[in-house]
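Report on the following structure.
Basis for what follows: all heavy atoms, side chains included, without hydrogens, waters or symmetry-related copies. Position 1 is the first residue of the sequence, and the numbers go up from there. Keep in mind it's a predicted model, so treat the numbers as computed, not measured. Counting starts at 1 for both ligands and their atoms, following the listed order.
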Amino acid sequence: MRVVVPGAAGKMGKMVIEAVLAAGGSVAGAVERSGHAAIGAAAAPGVQVGDDFAGALRAADVYIDFTAPEATGGHVEAAAELGVAAVIGTTGLGPEARAAIMRAGARIAVVVAPNFSLGVNLVCALVEEAARVLGAGYDLEVVETHHRQKRDAPSGTALAIGEALARGRGLDLGTARRAGRDGDVGARPPGEIGLHAVRGGDVVGEHTAFFFGDGERVEITHRATSRSVFAAGAVRAAAWAIGQPPGVYSMRDVLGL
Ligand code: NAD
């Protein structure tokens, strides 16, 4: 498996390079945005960080993107041109990047996941089932905690958990979601799904789905203690994507959940 890693000097990019090598793959290119201080530095044995993403793709089977929302659309367009599979973990994507992913999915296999950990993908399946079983008498809230440098809120994983809760309850997350509460907000309506973001320190990522009933409550929590779980999951997705027909896939497809 020959893998290009954009964002190679970022927190996730470095982990992905380690995970590619640990899985027996090769780093076909380590790329950063033009002008980045890491350009020219060693990224892996015999591989230096460069700034030519499309050039690096020419010798690759797949690329793994943990960069920034404004970079993701251009990356997937370049990969679709060259027939290289894509694995996208960048979160906070806007409508333009999402549209670019959908267009690329007609030409290449694209795996997009707000969270590549096995545990979180299991949690999404569990909370959907819990919301279905517990029913409308239980109030649904999600609280997520991340390190102080995270740019987007709520996290992509919190949104995925919110979507799973909404599916289980038969709600539309777009109208049911409630971000934080402040001031005279009145009593809580039954059809809300609260999404709350806490930021600080070096927290890798924690998510709890609460099901508040009368006389009891259920909590389902996932805590990531190392980014290596995301990198290992992304590499697993990359190996899977190489053999797939064109389409936009999720981690549930990769894991067969
Ligand atoms: P980071 O800021 O440490 O790294 C991002 C890197 O991308 C930086 O080195 C930056 O220079 C680089 N970059 C930006 N634009 C680029 C471009 N055009 N070309 C090449 N490189 C470019 O951030 P991080 O903690 O590594 O997270 C990156 C993204 O991954 C965020 O959106 C984060 O939310 C997401 N993330 C997703 C998962 C998951 O499982 N899906 C897990 C962790 C983080």
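Not a single heavy atom of M15 sits under 4.0 Å from any atom of ligand 1. Look at H75 and you'll find a heavy atom under 4.0 Å from some atom of ligand 1.
Taking the six-membered ring for Trp and the full ring otherwise, the centers of Y63 and F53 sit less than 6.0 Å from each other.
Shown in contact with A9 at under 4.0 Å from a heavy atom are these atoms of ligand 1, numbered in order with element: 9 (O). Each of the atoms 40 (O), 42 (C), 43 (C) of ligand 1 lies under 4.0 Å from some heavy atom of F230.
Inclusion of A71 in the set of residues having an N or O under 3.5 Å from an N or O of ligand 1 is not warranted. Considering backbone and side-chain atoms together, P6 places no N or O closer than 3.5 Å to any N or O of ligand 1. Remark: ligand 1 and A68 share no N or O pair separated by less than 3.5 Å (distance only, no angle test). The N/O atoms of K150, backbone and side chain alike, include one that comes under 3.5 Å of an N/O atom in ligand 1. Looking at T90 next to ligand 1, no N or O pair under 3.5 Å apart turns up. Considering backbone and side-chain N/O atoms, M12 comes within less than 3.5 Å of an N/O atom of ligand 1. Considering backbone and side-chain atoms together, T91 places an N or O closer than 3.5 Å to an N or O of ligand 1.
Given atom 21 (N) of ligand 1, the protein heavy atom at minimum distance is G7 N, 3.2 Å. For atom 40 (O) of ligand 1, the nearest non-hydrogen atom of the protein is F116 N, 2.9 Å. In this structure, atom 39 (C) of ligand 1 lies nearest to the protein heavy atom P114 O, 3.3 Å. Atom 9 (O) of ligand 1 has its closest protein heavy atom at E32 OE2, 2.5 Å. In this structure, atom 35 (C) of ligand 1 lies nearest to the protein heavy atom G89 O, 3.6 Å. Distance from atom 29 (C) of ligand 1 to its nearest protein heavy atom, with residue and atom name: T67 O, 3.5 Å. Atom 25 (O) of ligand 1 has as its closest protein heavy atom K11 CE, 3.2 Å.
Salt bridge absent: E129 and R167 never bring a charged side-chain N and a carboxylate O closer than 4.0 Å. A salt bridge links E141 with R188: at least one charged nitrogen is closer than 4.0 Å to a carboxylate oxygen. Using a 4.0 Å cut-off between a side-chain N of Lys or Arg and a carboxylate O of Asp or Glu, E163 and R252 do not qualify as a salt bridge.
Looking at R151 against ligand 1, nothing comes within 4.0 Å, counting heavy atoms. The proximity of A8 to ligand 1, defined as any non-hydrogen pair under 4.0 Å, does not occur for either the backbone or the side chain. For S117, no heavy-atom contact with ligand 1 is shorter than 4.0 Å.
With contacts defined as side-chain heavy-atom distances shorter than 4.5 Å, the pair V62/M1 qualifies.
E32 places no side-chain N or O within 3.5 Å of a backbone atom of A38 that could act as its donor or acceptor partner.
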